[in-house]
Amino acid sequence: MALAEPSRLTKPLPGGQDGATVVLHPMVCAHQGSPPEFMAMTRGKLRAARSFFGSKEDWVKLPIVAFLVEHPGAGPIIIDTGFHPSVAVDPKQNLGPVYGRIYRIDMRPEQAIPAQLREQHGIEPADIRVAIMTHLHIDHASAISEFTSATYVLGQGEWRAFHASRLALNGYVRHHVEHAVEYKEVPYDSPLIDSYATFGRAFDLFGDGSVRLVYTPGHTHGHQSVILRLKEREALVTGDAIYFTRTLEDERRGWAMADEHRWRRSIGEIRLYRRENPDALIIPGHDPAAWAQLEPRYE
Ligand SMILES: [Zn+2]
């Protein structure tokens with residue numbers, strides 16, 4: 001199935017309310033074992049790839065995550081989708097034979113994001129009308145098929161990167177994305193875009209300042225992060241712009257990387273943001289220690 005290219009957003013999405021703040025629920029849908037060298041390289045790409053075949057003793061257990069954001073006017077929103085519910089039973093079905101086998105995935109059916117929304121928040125997947133995708137990598141896009149009422153908001157360039165060659169090597173899976181859902185792209189090169197805080201390119205998703213998408217390319221070509229306005233402070237959901245909080249200091253890149261130069265620029269913007277907003281809650285993509293300390297709810 002070939003899908004039409006997503007249209008570019010020409011204005012904020014409906015539902016904005018003056019002075020709105022949001023409620024944020026970080027959610028872990030699974031843990032995935034990975035060689036540490038694969039996530040923060042010290043000795044080059046070949047070594048990192050080889051580390052899959054050595055001892056698994058030092059493998060780290062990475063949280064695979066998504067977020068529920070409750071907005072007073074736009075309703076419940078998700079950021080990323082986590083793994084498809086079937087991954088709890090048979091990872092190969094949804095993730096494919098290679099990824100499904102090499103990683104050790106630890107997931108219970110009730111951890112799937114649709115199940116968590118339903119059981120812990122009384123929200124049906126069909127109630128989700130907006131899904132912000134930080135990017136389309138396998139562990140973020142695997143459950144797109146479960147949220148068919150949502151408009152999926154992608155960063156500029158992500159769709160094209162997804163459809164470029166060597167999908168699997170780039171961390172993408174075709175059938176995760178090829179569903180008849182609505183995709184929209186944030187035009188980070190257009191007059192709709194402003195700078196915000198320390199980020200050069202930002203889009204105010206509902207026009208009320210409550211949810212801002214900031215362009216953080218590098219990990220993938222269209223990667224974006226999300227700044228949320230809570231009652232007393234802001235939260236920055238970095239996505240995979242940084243896997244770990246310490247990435248801001250050691251700048252050790254992971255194996256997956258579309259553009260290292262732009263990635264370093266993006267983490268520079270995040271580092272400055274942290275310096276200028278010491279109260280902000282900064283949530284990295286796959287940091288086990290940071291995630292173990294998160295509350296289930298921030299308002
Ligand atoms: Zn990623």
Side-chain angles (χ1 to χ4, degrees), residues 26-41 45 48-49 52 60-67 78-84 87 91 94-96 98-100 102-103 105 107 113 131-144 152-164 166-174 176-177 213-226 236-248 251-267 270 282-288 290-291:
M27 298 181 286
V28 174
C29 78
H31 283 87
Q32 171 184 297
S34 172
E37 190 66 21
F38 198 68
M39 301 298 286
M41 298 190 332
K45 278 191 93 166
F52 275 100
V60 282
K61 277 199 152 191
L62 308 169
I64 305 299
V65 308
F67 302 82
I78 54 171
I79 303 174
D80 295 340
T81 73
F83 281 145
H84 188 272
V87 174
N94 177 270
L95 305 179
V98 176
Y99 193 92
I102 57 175
Y103 286 100
I105 292 165
M107 177 179 182
I113 299 304
I132 299 165
M133 298 302 293
T134 59
H135 62 310
L136 292 172
H137 272 167
I138 188 163
D139 49 327
H140 299 257
S142 160
I144 284 178
Y152 284 82
V153 181
L154 309 178
Q156 183 172 348
E158 190 64 8
W159 184 266
R160 192 184 308 153
F162 180 88
H163 286 89
R166 304 207 301 168
L167 222 57
L169 257 185
N170 292 328
Y172 297 124
V173 173
R174 188 174 297 280
H176 286 169
V177 171
L213 309 183
V214 294
Y215 192 42
T216 48
H219 175 73
T220 64
H221 288 297
H223 193 279
Q224 58 188 352
S225 305
V226 188
L236 168 61
V237 171
T238 70
D240 286 358
I242 51 169
Y243 286 148
F244 309 109
T245 301
R246 67 170 180 276
T247 311
L248 290 175
E251 288 201 23
R252 278 163 56 188
R253 52 160 287 188
W255 190 86
M257 180 66 64
D259 184 331
E260 188 160 348
H261 172 71
R262 296 174 92 195
W263 176 70
R264 289 194 192 284
R265 221 167 45 185
S266 294
I267 62 175
I270 296 172
I282 299 181
I283 307 180
H286 294 288
D287 188 327
W291 273 82

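Just follow the structure's listing: the first ligand is 1, and inside any ligand the first atom is 1. In what follows, every heavy atom counts, from backbone to side chain, and hydrogens, waters and symmetry copies are set aside. For reference, positions follow the sequence shown, starting with 1.
- Atom CG of Leu95 and atom CD1 of Ile138 lie 5.0 Å apart (nearest 0.5 Å).
- In this structure, the ring of His286 has its center less than 6.0 angstrom from the ring center of His140.
- Distances shorter than 2.8 Å separate the Zn ion (ligand 1) from the protein N/O/S atoms His135 NE2, His137 ND1, His219 NE2, Asp240 OD2.
- Using cut-offs of 30° and 60° on the angle between ring planes, the pair His219 and Tyr243 is perpendicular.
- Side chain of Ser142 to backbone of Asp139: no donor-acceptor contact under 3.5 angstrom is found.
- With sequence neighbours left out, the salt bridge (charged side-chain N to carboxylate O under 4.0 Å, His left out) criterion links Glu158 to no other residue.
- In this structure, the ring of Phe67 has its center less than 6.0 angstrom from the ring center of Trp291.
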